[in-house]
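Keep in mind that the numbers below use all heavy atoms, side chains included, and drop hydrogens, waters and symmetry copies. If you're wondering where the values come from, they're calculated on a predicted model, not measured in any experiment.
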Amino acid sequence: MRMNMSAAINAQHRACTLKRSVVVATTVILSFSCAQDSVPLIERINAYRTAAQTCAGRPTAALGPLAPAPVLAAVDISSPQQSLEDVLKRAGYAAARAQAIVISGPSTSSSAMAALKDRYCEVLSSPQFSEIGISREGKTWRLVLAQPLIPADLGGWAYAGKEVLALVNEARAKPRTCGNQKFGAAPPLEWNAKLGSAALAHSRDMADRNYFAHAERDGGTVGDRAAREGYEWTAIGENIAAGQGSADQVVSSWLTSPDHCVNVMKPDFTQMGAAYVVNKASDTGIYWTQVFGTPQR
């Protein structure tokens, strides 16, 4: 059957939005790519994790985003004779825990995400993981989720916070797409000690009381925390994460999570503070907070 250009475009739109598994066999349609399927799988996973969900009929809390780990993407998990623990050790990855997932059949990131939500929602919704490696061969997707051991030489919270600042300014120096939002390069942020103290207070509260949320147990918000430190603001924002063992890992996790990435790239913010707190008795071991602000003039 012949199809004109307009009909081909309309058919492609329907195939993307309604029946992504249907392939319409025309040269015109095959030359298009679906916007929905151009989103990397890690961004889909992080969008899923950072919002409250329902898994196996039970509600789940919002979690921190996973950081992309190239070493996890590169490990070979195809051999049944090798345990995941041994594979990671040989790769030089010190893991507190890890899990591998292999799915076959999905041809797009959106269909792969649908399969993951259907079969592995409990893994995706686990606070026990903070990093992920994803590799793909044809229609076979391999994922390794892990929680790294927290290094002993992470440095003080302010030192790590300023590492976060440097990495964030490096990211802001280039145009970036966060989910479906495009941002131009943004001016660099300045370190602010009061925002750093507000970040430290929230990381400590989450670590000591073993929870993960922007709101404190008594309902306090990032604006309240900044005000308690004497920071008078016209704009305020916050990113949080848990489990990552370095500034590089935590910034990578935020940049591959659409909502967190938006905060990183917002040109309205001019200052920042960040901090981590470790509590090995907690669910994730380490908690990170990044506070953005624009002061009153």
Side-chain angles (χ1 to χ4, degrees), residues 35 38-47 49-51 62 64-70 130-132 154-203 214 221-223 225-226 229 231-276 286-297:
S38 66
V39 178
L41 182 56
I42 188 171
E43 290 190 13
R44 295 185 185 278
I45 291 172
N46 278 337
R49 278 178 61 91
T50 55
L66 299 172
S130 62
E131 295 192 340
I132 188 170
L154 187 52
W157 71 266
Y159 174 83
K162 290 178 181 179
E163 282 190 313
V164 169
L165 173 66
L167 291 165
V168 163
N169 281 338
E170 183 180 325
R172 286 169 66 91
K174 302 173 185 177
R176 186 174 298 272
T177 299
C178 303
N180 59 6
Q181 298 187 55
K182 293 185 177 181
F183 291 87
L189 302 172
E190 298 176 350
W191 178 263
N192 182 274
K194 292 178 180 178
L195 294 180
S197 295
L200 178 63
H202 192 49
S203 290
H214 289 285
T221 66
V222 60
R225 292 187 284 274
E229 298 297 332
Y231 187 84
E232 298 179 348
W233 51 272
T234 58
I236 202 80
E238 182 179 72
N239 283 344
I240 56 176
Q244 288 81 11
S246 72
D248 182 69
Q249 291 169 359
V250 76
V251 172
S252 293
S253 74
W254 286 328
L255 290 175
T256 52
S257 172
D259 290 342
H260 295 82
C261 177
V262 167
N263 271 346
V264 169
M265 295 302 297
K266 273 185 180 177
D268 298 346
F269 294 133
T270 61
Q271 297 179 332
M272 195 205 85
Y276 75 88
I286 183 171
Y287 295 80
W288 295 82
T289 304
Q290 176 184 36
V291 182
F292 303 89
T294 303
Q296 295 180 9
R297 299 298 183 187

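Taking all atoms of both residues into account, the shortest heavy-atom contact from Tyr231 to Gly293 is OH-C, 3.3 Å. Contact detail for Ala241 and Trp254: the closest heavy-atom pair is CB-NE1, 3.7 Å. Pairing each heavy atom of Val164 with each of Ala247, the nearest pair is CG2-CB, 3.8 Å. Looking at every heavy atom in both residues, Ala69 comes nearest to Glu131 through CB-OE1, 3.7 Å. The shortest non-hydrogen separation linking Ala242 to Tyr287 is CB-CD2, 4.0 Å. Here the shortest heavy-atom pairing between Trp288 and Ser203 reads C-OG, 3.5 Å.
Looking only at side-chain heavy atoms (C-beta outward), Thr221 and Ile236 stay at 4.5 Å or farther from each other. Side-chain atoms of Asn46 and Ile42, non-hydrogen and from C-beta on, do get closer than 4.5 Å to each other. Residues Pro187 and Thr270 are not in side-chain contact: their nearest non-hydrogen atoms beyond the backbone lie 4.5 Å or more apart.
Within the 3.5 Å criterion, the main-chain N or O of Leu195 finds no donor-acceptor partner in the side chain of Arg225. A distance-only check finds no donor-acceptor pair linking the side chain of Arg49 to the backbone of Pro65 [under 3.5 Å]. Side-chain atoms of Thr294 never come within 3.5 Å of backbone atoms of Thr234 as a donor-acceptor pair (strictly under, hydrogens ignored). No donor-acceptor pair closer than 3.5 Å links the side chain of Ser257 to the backbone N or O of Ser253.
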Q) Passes side chain to side chain contact (heavy atoms under 4.5 Å, CB included), Val250 versus Gln290? Steps please. A) CA-CA 10 Å; Val250 76; Gln290 176 184 36; over 6 Å; no
Q. Step by step, would you call Gln249 with Ser130 a side chain to side chain contact (heavy atoms under 4.5 Å, CB included)?
A. CA-CA 9 Å; Gln249 291 169 359; Ser130 62; 5.9 Å; no
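For the atom pair Met265 CE and Lys174 NZ, the distance stands at 10.5 Å (nearest 0.5 Å). Considering CD of Glu170 and CG of Leu165, their distance stands at 11.5 Å, rounded to 0.5 Å. We find the CG-CD distance between Asn169 and Glu190 to be 9.5 Å, quoted to the nearest 0.5 Å. Residue Asp259 holds its CG atom at 5.5 Å from OG1 of Thr50, rounded to the nearest 0.5 Å. Between atom CD of residue Glu238 and atom CZ of residue Phe292 there is a gap of 9.5 Å, rounded to the nearest 0.5 Å. In this structure, the separation between NZ on Lys266 and CZ on Arg172 is 11.0 Å, given to the nearest 0.5 Å.
Ring centers of Tyr276 and Trp157: at least 6.0 Å apart, outside the cut-off.
Checking His260, Met272, His214 one by one against Asn239, the side-chain contact (heavy atoms from CB on, under 4.5 Å) holds for a single residue, His260.
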